[in-house]
A.B. asks: 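Please read through the structure below; I'll follow up with questions.
Every value quoted in this text rests on a predicted model; they were computed, and no experiment measured them. Per chain, numbering begins at 1; letters A, B, ... match sequence-line order.
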Protein chains: 2
Amino acid sequence: MTTSESCSDCSVRDQALCGSLTNHELESLNRLGRRRHVAKGETLAWAGDDNLVCGNLLSGVLKLSSATTDGREQIVGLLYPADFVGRPFADQVDYDCTALTDAELCVFPREPFERALADHVQMERLLLQRVLAALGDARGRIVSLGRGSASGKVAGFLLDLADRAGTSGCRAMPGGPLTFDLPLSRGEMADVLGLTIETVSRQMTAMKTAGIISLPGGRAVTILDRQALEARLD
Amino acid sequence: MTTSESCSDCSVRDQALCGSLTNHELESLNRLGRRRHVAKGETLAWAGDDNLVCGNLLSGVLKLSSATTDGREQIVGLLYPADFVGRPFADQVDYDCTALTDAELCVFPREPFERALADHVQMERLLLQRVLAALGDARGRIVSLGRGSASGKVAGFLLDLADRAGTSGCRAMPGGPLTFDLPLSRGEMADVLGLTIETVSRQMTAMKTAGIISLPGGRAVTILDRQALEARLD
DNA sequence: CGGCGCTTTGACTCGAATCAATAGGAGTGG
DNA sequence: CCACTCCTATTGATTCGAGTCAAAGCGCCG
């Protein structure tokens with residue numbers, strides 16, 4: 001794994017922040033950054049650490065989480081490829097950042113990156129938009145956590161994942177069955193939704209029994225009846 | 001209520017975004033904006049509306065909320081003086097924005113404001129930081145909603161308000177009793193915390209009975225024993 | 001095969017929601 | 001000033017859903 005990979009072969013070249021840069025600008029940013037591979041389960045940064053790096057996620061899924069005093073954790077956000085990772089202008093890391101799957105990032109030391117931001121107004125603009133999107137995502141999660149029943153939360157989560165998988169993966173027919181792999185364990189789903197493992201499991205089997213989804217094995221899920229899923233949102 | 005008030009007498013002049021501007025820049029922005037007063041209970045914008053304005057909150061408290069199908073609502077955020085209101089770069093309003101108290105804003109038409117942002121890099125930078133802060137706030141709310149017990153949620157909320165009141169109001173002694181007015185009704189507290197009115201009320205009286213707080217009347221609250229409140233967070 | 005981690009399933013408990021009634025407080029008008 | 005209404009808050013009795021505790025089941029890898 002060399003550190004000299006160029007941006008031209010970047011899998012998220014046109015979706016991530018750097019898409020706003022000219023080739024020449026990209027060149028100078030590229031000298032700042034390096035590729036980093038993280039294994040599934042590995043934690044990139046712990047809440048409270050000095051905030052040293054930020055970057056773009058190239059592949060894989062990360063979770064942002066906060067440990068609670070009772071030994072469990074609450075996941076406050078999930079990061080997918082092309083998402084921005086880290087929090088500029090903060091001295092400390094605010095949430096644990098852990099890989100749910102093997103993942104690859106393009107990381108920059110924070111301070112030079114902040115200087116680069118100032119030089120590339122377009123990039124700062126894109127970052128602003130991304131943070132606004134993250135804020136929208138977080139607020140959506142608030143609504144789901146505050147109001148939903150257990151079945152509503154699980155249904156909503158599956159729909160979120162389906163939409164995300166639907167854009168990249170392929171669906172035979174709009175409205176037809178859609179299969180994808182959950183990037184999380186039952187326990188992690190519980191930590192996202194503010195439920196327990198047992199409750200998540202029960203909801204999943206209830207939906208399977210109702211013929212709304214099927215669980216072909218492993219972490220795969222097939223959505224058989226999207227409308228029924230939407231009807232469960234409450 | 002004239003619309004020609006100048007920025008020089010603005011109560012949040014040095015805390016809000018505009019604090020980054022020179023007097024000359026301020027002048028040109030001032031021509032864009034106007035003061036707007038909203039009465040308690042009035043809704044500035046409804047989710048789904050065309051997104052026409054943004055601005056700074058000068059005084060009062062606003063709520064951002066989402067109506068749920070069961071007729072209740074979830075409050076996703078509270079806005080205090082000097083906070084930025086609205087979401088640049090979005091075509092539609094994403095959450096209802098309603099005044100919890102009488103409030104005063106300095107509003108700008110969205111599109112000209114976005115252009116002004118581009119011209120004033122420093123202001124865009126400050127906006128970015130503010131949105132990052134809002135994201136942190138939202139994520140904190142996620143943790144509280146996902147994990148806390150009812151008493152933990154109420155205790156945490158009171159502590160938040162106390163900290164906010166503590167900076168502007170005055171506290172006789174650090175650690176000593178602190179009194180402030182709730183800007184929300186019981187029902188609104190319930191909508192913030194994802195609880196019911198009855199549960200919030202019960203938690204408040206339980207804390208009063210335990211000697212942790214007192215409720216002098218109206219919407220006032222006195223925190224008698226901050227440590228006990230912190231111990232209730234879970 | 002056997003052990004380990006993740007998931008499912010079951011029986012029971014407990015906390016918050018719900019349903020329902022009462023109390024308090026602000027404002028109005030006689 | 002009191003009587004009345006309206007609205008918010010409190011309190012009580014009961015229900016219900018998710019948590020907890022406990023026991024299998026299953027898949028995976030050594």
A.B. asks: Would you check if B:Leu44 and B:Leu105 make a side-chain contact, meaning some heavy-atom pair closer than 4.5 Å?
C.D. replies: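 Yes; the side chains approach each other to less than 4.5 Å.
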A.B. asks: Does B:Arg139 come within less than 4.0 Å of A:Asp137, counting only side-chain N to carboxylate O?
C.D. replies: no
A.B. asks: How many Å lie between CE on B:Met204 and P on D:dT10, as a whole number?
C.D. replies: 7 Å
A.B. asks: Scan residues 181-190 of chain B against DNA chain D and write down, sorted by residue number, each residue with any heavy atom closer than 4.0 Å; if none is found, say none.
C.D. replies: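 Residues of residues 181-190 of chain B that come under 4.0 Å of DNA chain D are, in numerical order, B:Ser185, B:Arg186, B:Gly187.
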A.B. asks: Heavy atoms only: give me the nearest A:Pro216-A:Thr222 pair and the separation to one decimal.
C.D. replies: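 Where A:Pro216 meets A:Thr222 most closely, the heavy atoms are CG-OG1, 3.5 Å.
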A.B. asks: Can you sort out the partners of A:Ser144 under side-chain contact (heavy atoms from CB on, under 4.5 Å), two or more places apart, ordered by chain and number?
C.D. replies: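 A:Lys153.
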A.B. asks: Which is the 5'-most and which the 3'-most nucleotide of DNA chain C that has an atom under 4.0 Å from a heavy atom of chain B?
C.D. replies: C:dA16 to C:dC19
A.B. asks: Is the shortest side-chain N to carboxylate O distance from B:Asp160 to B:Arg164 below 4.0 Å?
C.D. replies: no
A.B. asks: Taking five pairs at each end, how big is the angle between the two axes of the helix from C:dC1-D:dG30 to C:dA26-D:dT5, to 10°?
C.D. replies: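 Axis-to-axis angle, ends of the helix: 30°.
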A.B. asks: Is any side-chain N or O of B:Thr205 closer than 4.0 Å to OP1 or OP2 of D:dT11?
C.D. replies: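 Result: yes.
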A.B. asks: Can you check whether A:Ala39's main-chain N or O pairs, donor with acceptor, with A:Asp102's side chain at less than 3.5 Å?
C.D. replies: no
A.B. asks: Identify the heavy atoms of B:Val12 and B:Ala82 that sit nearest to each other, and give their distance.
C.D. replies: CG1-N, 3.8 Å
A.B. asks: Please find the pair of heavy atoms, one from A:Arg110 and one from A:Asn51, that lie closest to each other, and give the distance.
C.D. replies: NE-O, 2.6 Å
A.B. asks: Which atoms form the tightest heavy-atom contact between B:Pro81 and B:Leu58, and what is the distance?
C.D. replies: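 Distance-wise, the nearest heavy atoms are CB-O, 3.4 Å.
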A.B. asks: Does a salt bridge link B:Arg147 with A:Asp191, judged by any charged N lying under 4.0 Å from a carboxylate O?
C.D. replies: yes
A.B. asks: By the salt bridge (charged side-chain N to carboxylate O under 4.0 Å, His left out) test, which pairs, at least two apart or in different chains, include something from residues 197-210 of chain A?
C.D. replies: none
A.B. asks: Between protein and nucleotides 16-30 of chain D, map the contacts as a letter string: B base, S sugar-phosphate only, - none, heavy atoms under 4.0 Å, written 5' to 3'.
C.D. replies: --SSBB---------
A.B. asks: Taking all heavy atoms of B:Asn56 and all of B:Cys18, pick out the closest pair and write down the distance.
C.D. replies: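 Minimum heavy-atom separation between B:Asn56 and B:Cys18: ND2-SG, 3.3 Å.
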A.B. asks: List the atom of A:Leu62, the atom of A:Ala99, and the distance in Å for their closest heavy-atom pair.
C.D. replies: CD2-CA, 3.7 Å
